[in-house]
Participant: 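Got a structure for you, written out below as structure tokens; questions coming shortly.
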Amino acid sequence: MNPPPPPRSLVAELTYRCPLGCLYCSNPVELAKSRAELSTADWSRAFAQAAALGVMQLHLTGGEPLLRDDLTELAAAARACDLYINLITSGAGLNEARLDALRAAGLDHVQLSLQDAGEAGADYVAGVRTHRRKIATARMIARLKIPLTLNFVVHRLNLDRVGAMIDLAAELGARRVELASAQFHGWALLNRAHLMPAREQNDRAEEIVRAAAERLRGVIEVVFVRNDYLAGRPKPCMGGWGRGTIVIDPAGRAMPCQAAASIRGLEFPDVRSATLEEIWRDSPVFNAFRGYDWMKEPCRSCPERERDFGGCRCQAFALAGDATATDPACALSPHHRTVLAARTESPASSEPIYRAAEGGRAAFSRQ
Amino acid sequence: MDAAAMERRGMNSDAGGAWRPRLAAGVRIRVDPADGRERLLFPEAALELNETAAAIIRLCDGRRALAEIVRELAGQFGDATALARETEEFLAAMRERRLVE
Ligand code: SF4
Ligand code: SF4
């Protein structure tokens with residue numbers, strides 16, 4: 001086999017710890033049992049190997065990456081190998097001194113998550129009181145002239161307010177606002193009945209987004225990431241398995257996608273015992289779904305396969321029980337009915353399940 | 001490009017003429033060691049730049065006006081009228097995406 005083209009981005013999940021408990025969190029439900037996280041030196045070595053391999057962009061994420069005390073050091077290490085550094089954060093734990101230090105270390109951009117346009121809705125989804133501080137944090141980032149993207153994960157509980165979200169983002173001085181439909185991995189899959197929007201609600205929201213994008217052209221970039229359950233077509237997940245991205249989880253396991261650990265039976269190489277080059281080129285897990293040979297029908301003979309790569313492997317495993325199956329989000333999948341059924345699931349009796357934050361808090365008490 | 005042509009392209013208007021484009025904060029240009037090509041880095045992508053685009057971007061330093069950028073490149077990249085239009089369209093698109101300001 002020819003060596004694969006080089007990876008372009010590295011997603012560094014620095015920790016799974018997080019003070020928030022978002023209903024839509026896509027972190028694994030079985031958070032890595034051991035708390036052992038990679039050391040500063042381990043991460044720095046991984047950054048250098050990634051850059052040498054062809055990676056240009058680094059996304060520092062988690063959990064909440066600000067919970068790493070060595071975050072500034074890590075940014076400096078990444079900058080030393082000329083990586084573009086994007087910090088993906090809930091903002092919890094960010095103050096001006098720290099942000100200043102991060103910038104001095106080489107931070108290029110911040111992507112801040114907000115849960116809704118208003119406080120009540122946002123704090124309900126996050127499971128903790130956090131919205132007000134996030135707004136203050138966004139203003140601080142803008143004041144320090146650090147380029148900012150605001151990211152709203154959108155779903156049934158907040159889709160009616162996309163217009164207000166976009167206006168808020170523009171008012172806060174963000175250069176870009178992403179309205180990303182909840183993807184049903186991790187906690188979001190557990191809470192799917194609560195989060196899955198009705199088609200009409202979704203279409204209304206998309207229309208509002210389209211109009212706002214037009215109106216705010218040149219002021220703020222407005223992006224909507226569609227709900228693949230409603231689209232009838234899968235997403236080209238990660239731009240294809242092992243085609244451009246390496247994810248490293250807090251414990252040092254390298255994977256092709258942030259949800260890959262949800263696929264049972266895959267073994268992930270540890271960045272402490274192999275180089276990223278070896279992992280990228282040779283590891284069975286990165287090669288598992290490269291190219292088209294692993295595909296089954298209908299993907300195997302479908303011309304769309306070059307564009308969507310048969311969709312998301314993790315979703316195929318979760319919904320069809322087979323990681324080599326066509327993503328059930330695709331209308332051509334023999335398992336598409338599970339997706340159709342999910343569209344009409346009713347949240348009726350059950351309470352949503354909050355991701356247990358630090359210390360095993362079982363659920364958010366609303367008062 | 002003569003003055004009349006620049007006028008037609010709107011490059012003497014306030015919007016075009018006074019604009020001194022520069023890369024927005026958080027946008028960097030760098031050579032890709034993998035293939036030696038220049039890429040524009042921002043959070044969502046590493047955009048591959050063709051030779052003309054890379055040359056334009058390198059002149060977006062906030063000091064040169066749009067017309068000056070075109071003038072400097074005219075010698076290098078053939079037909080001035082086509083170049084002016086290309087530069088203008090390219091930079092307008094970049095501005096819309098808030099990569100250039
Ligand atoms: S709980 Fe919320 S903020 Fe924390 S990692 Fe999950 S989605 Fe991100
Ligand atoms: S059958 Fe497979 S390749 Fe064709 S559109 Fe569906 S997911 Fe994509």
Participant: Just so I understand: if I count every heavy-atom pair under 4.5 Å between each of B:Arg30, B:Arg39, B:Arg97 and chain A, which residue has the most?
Facilitator: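 Of the candidates given, the most pairs with chain A belong to B:Arg30.
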
Participant: Please look at A:Arg175 and chain B and tell me whether the side chain, the backbone, both or neither of the residue comes under 4.5 angstrom of a heavy atom of that chain.
Facilitator: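 Both backbone and side chain.
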
Participant: I'd like to know whether A:Tyr24 forms a side chain to side chain donor-acceptor pair (under 3.5 Å) with A:Gln115, so could you lay out the CA-CA distance, the side-chain angles of the two residues, the decisive distance to 0.1 Å, and finally the verdict.
Facilitator: CA-CA 10 Å; A:Tyr24 60 73; A:Gln115 280 66 26; 2.9 Å; yes

Participant: When you measure from the centre of the six-membered ring of B:Trp19, is the NZ or CZ of B:Arg95 closer than 6.0 Å and no more than 45° off the axis?
Facilitator: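 Here B:Arg95 passes the 6.0 Å and 45° test against B:Trp19.
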
Participant: Between A:Leu71 and A:Arg98, does a side chain to side chain contact (heavy atoms under 4.5 Å, CB included) hold up when you go through it step by step?
Facilitator: CA-CA 9 Å; A:Leu71 188 62; A:Arg98 193 144 186 231; 3.7 Å; yes

Participant: Against chain A, label B:Ala45 side chain, backbone, both or neither, depending on which of its atoms sit under 4.5 Å from a heavy atom there.
Facilitator: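 For B:Ala45, the contact with chain A is made by the backbone alone.
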
Participant: Given heavy-atom pairs under 4.5 angstrom as the criterion, report whether the side chain, backbone, both or neither of A:Leu83 touches chain B.
Facilitator: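 The backbone, not the side chain.
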
Participant: Give the member of A:Val110, A:Thr149, A:Val219 that has the highest number of heavy-atom pairs under 4.5 Å with chain B.
Facilitator: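 Most pairs with chain B among the choices: A:Val219.
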
Participant: Chain B heavy atoms under 4.5 Å from A:Asp108: which part of the residue, side chain, backbone, both or neither?
Facilitator: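 Both parts, backbone and side chain.
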
Participant: When you check the side-chain N and O atoms of A:Glu277 and A:Gln49, is any donor under 3.5 Å from an acceptor?
Facilitator: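 A:Glu277 vs A:Gln49: no donor-acceptor pair found between side chains.
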
Participant: Please classify the contact of B:Glu101 with chain A as side chain, backbone, both or neither, using a heavy-atom distance under 4.5 Å.
Facilitator: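 Contact with chain A involves no heavy atom of B:Glu101 at all.
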
Participant: Answer yes if the side chains of A:Ser26 and A:Gln183 hold a donor-acceptor pair under 3.5 Å, and no otherwise.
Facilitator: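 A:Gln183 and A:Ser26 do not have a side-chain donor-acceptor pair below 3.5 Å.
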
Participant: Indicate whether any N or O donor in one side chain lies under 3.5 Å from an N or O acceptor in the other, for A:Ser9 and A:Thr245.
Facilitator: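 Yes, side-chain donor-acceptor contact under 3.5 Å.
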
